[in-house]
Amino acid sequence: MPEEPSASTSSGKMGKKPVTIITIGMAGAGKSTFVSRLNSYLHSLNPPSPPYILNLDPAVTYVPYDPNIDIRDTVNYQEVMKQYNLGPNGGILTALNLFTTKFDQVLDLVEKRAETVDYVILDTPGQIEIFTWSASGAIITDAVASSLPTVVAYIIDTPRTTAPATFMSNMLYACSILYKTKLPFILVFNKTDAQPHDFALEWMSDFEEFQAALATHGGTRDSEGEPTYMNSLMNSMSLVLDEFYKNLKAVGVSSLTGDGFKQFLEAVENSREEYEKEYLPELERARAEKAKTLQAAKEDSMNRLMKDLAVDRARNPAGALADHWDPEEEEDDDDDDEFSIVDRSEERGPDEYIDLTRAGRHDAENISWPRPS
Ligand SMILES: Nc1nc2c(ncn2[C@@H]2O[C@H](COP(=O)(O)OP(=O)(O)OP(=O)(O)O)[C@@H](O)[C@H]2O)c(=O)[nH]1
Ligand SMILES: [Mg+2]
């Protein structure tokens, strides 16, 4: 049964920025169902706190919630596959890449709503690596995380993670995402209606318990009763994970029944503090560092340019007289009007956006998209 909706996690924290929740997880872990349940849970709070939802899965045919921004409104995944001769995963990846080129517009729309929403939720493509190991996934994550407090909700298919080796693989993957994003991280054990997650919490808090579970599974001893290579490898890896567990929060939820969502939102609130204390200072340090490097590079180029100009003028004094810049002559090559990202919750005009891939196929418009590398 879902818990009583509570106002403590709802709005009422006026002036606070919304938290962005990026849902990531293996195919079929329940990301979309989780987003849908979170959406209805937030609507059921008193007062209701409707979130702002982005669907970033171009290949999904049905989403169980109403997204505010849907990648499918901008990119036609089937057309991308045809146009670039790609298979399904390449098609999803390329569609996401194309969408990412306009992510500044998405951020503008999100920021416009920042005053009125408490949560921004991102649903990601089914194949986990399309988001976690692609340039566009990293660009989207960084763009969001540098403008709003952001947390990763790593969705785990609990019934499929009860075998110690599978559990460890999943945790190692989670660990790699934490390392890559460096964002506050919540392990969300989903589908607890089908399989309670206490075994996972036990393994995470008691290292010996996990090793004992590993030992009960075959392949850990050879014919002479000695521990196998695989056994010692798994033991070492579980030591690594022990360190990883110390830095994260774990909650169990059922996206089917709504169980555990109150605890999830509490974990999100704690993550906001973590973001402000740890991620933000690091982000500002990295930004300052980047600005310094950029300034040094600019100064260096400018010095070299001035030197070259001085040499040119010395060689050709007549040419130097005609050397001027007229901003009026500049061609306007701003292509931002090609198509726009659509906020479904706002009124839409008839010509407000162009299907990106169809636009590419239109000969008259002479647009040719670069081939993906
Ligand atoms: N029993 C149970 N089933 C669930 C729960 N959450 C999701 N499911 C089921 O798990 C399946 C996959 O759910 P999705 O929400 O599509 O998972 P996803 O991670 O978005 O899947 P992809 O985007 O295709 O990778 C569906 O059949 C859901 O009904 C849950 O909490 N309990
Ligand atoms: Mg999905």
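Just follow the structure's listing: the first ligand is 1, and inside any ligand the first atom is 1. Numbers for residues simply follow the sequence, beginning at 1. As the structure is a prediction and not an experimental result, all values here were calculated from the model.
- Taken to the nearest 0.5 Å, the OH atom of Tyr65 stands 4.0 Å off from the CG atom of Asn55.
- For ligand 1 and Asp193, the ligand atoms under 4.0 Å from any heavy atom of the residue are 1 (N), 2 (C), 30 (C), 31 (O), 32 (N).
- The contact set between ligand 1 and Thr33, taken as ligand atoms under 4.0 Å from a residue heavy atom, comprises 6 (N), 7 (C), 13 (O), 14 (P), 15 (O), 28 (C).
- Where the criterion is an N or O separation shorter than 3.5 Å, residue side chain and backbone included, Gly28 meets it with respect to ligand 1.
- In the vicinity of Ala27, heavy-atom distances shorter than 4.0 Å reach the ligand 1 atoms 25 (O).
- Judged by distance alone, with hydrogens and angles left aside, the side-chain atoms of Thr192 form a donor-acceptor pair with the main-chain N or O of Val253 at under 3.5 Å.
- Using cut-offs of 30° and 60° for the angle between ring planes, the Phe99 and Phe103 rings count as perpendicular.
- Comparing Ser255, Gly126, Ser254 by heavy-atom distance to atom 23 (O) of ligand 1, the nearest is Gly126.
- Taking only nitrogen or oxygen atoms, main chain and side chain alike, Ala194 does not reach within less than 3.5 Å of ligand 1.
- Lys17 has no carboxylate O lying under 4.0 Å from a charged side-chain N of Glu276, or vice versa, which leaves the two without a salt bridge.
- A centroid separation of less than 6.0 Å is found between the aromatic rings of Phe34 and Phe261.
- Interface atoms of ligand 1 facing Ser32, defined by a heavy-atom separation under 4.0 Å, are 15 (O), 18 (P), 20 (O).
- Taking the six-membered ring where tryptophan is involved, the planes of Phe167 and Phe189 are essentially parallel, since the angle between them stays under 30° and well short of 60°.
- Polar contact check, Pro125 against ligand 1: no nitrogen or oxygen pair lies under 3.5 Å apart.
- The shortest contact between atom 18 (P) of ligand 1 and any protein heavy atom is with Lys31 N, 3.4 Å.
- With respect to the salt-bridge test (charged N to carboxylate O, under 4.0 angstrom), the residues Glu284 and Arg287 do not qualify.
- Residue-to-ligand polar distances keep Thr192 apart from ligand 1: every N/O pair is separated by 3.5 Å or more.
- When heavy-atom distances to ligand 1 are checked against a 4.0 Å cut-off, Asn190 comes that close only through its side chain, counted from C-beta outward.
- Note that atom 27 (O) of ligand 1 has no protein non-hydrogen atoms nearby, at separations under 4.0 angstrom.
- Distance check for atom 12 (C) of ligand 1: a protein heavy atom is found below 4.0 Å.
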Checklist line | Derivation of the salt bridge (Lys or Arg N to Asp or Glu O under 4.0 Å) call for Asp300 and Arg304 | finding: CA-CA 6 Å; Asp300 181 48; Arg304 277 187 286 138; 3.1 Å; yes
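- With respect to Arg113 and Asp343, a salt bridge is recorded, a charged nitrogen being found less than 4.0 Å from a carboxylate O.
- With a cut-off of 2.8 Å, the Mg ion (ligand 2) has no N, O or S atom of Thr124 in range.
- Of the protein's heavy atoms, Lys191 NZ, 3.0 Å lies nearest to atom 10 (O) of ligand 1.
- Annotation: the span from Glu274 atom CD to Leu183 atom CG amounts to 9.5 Å, rounded to 0.5 Å.
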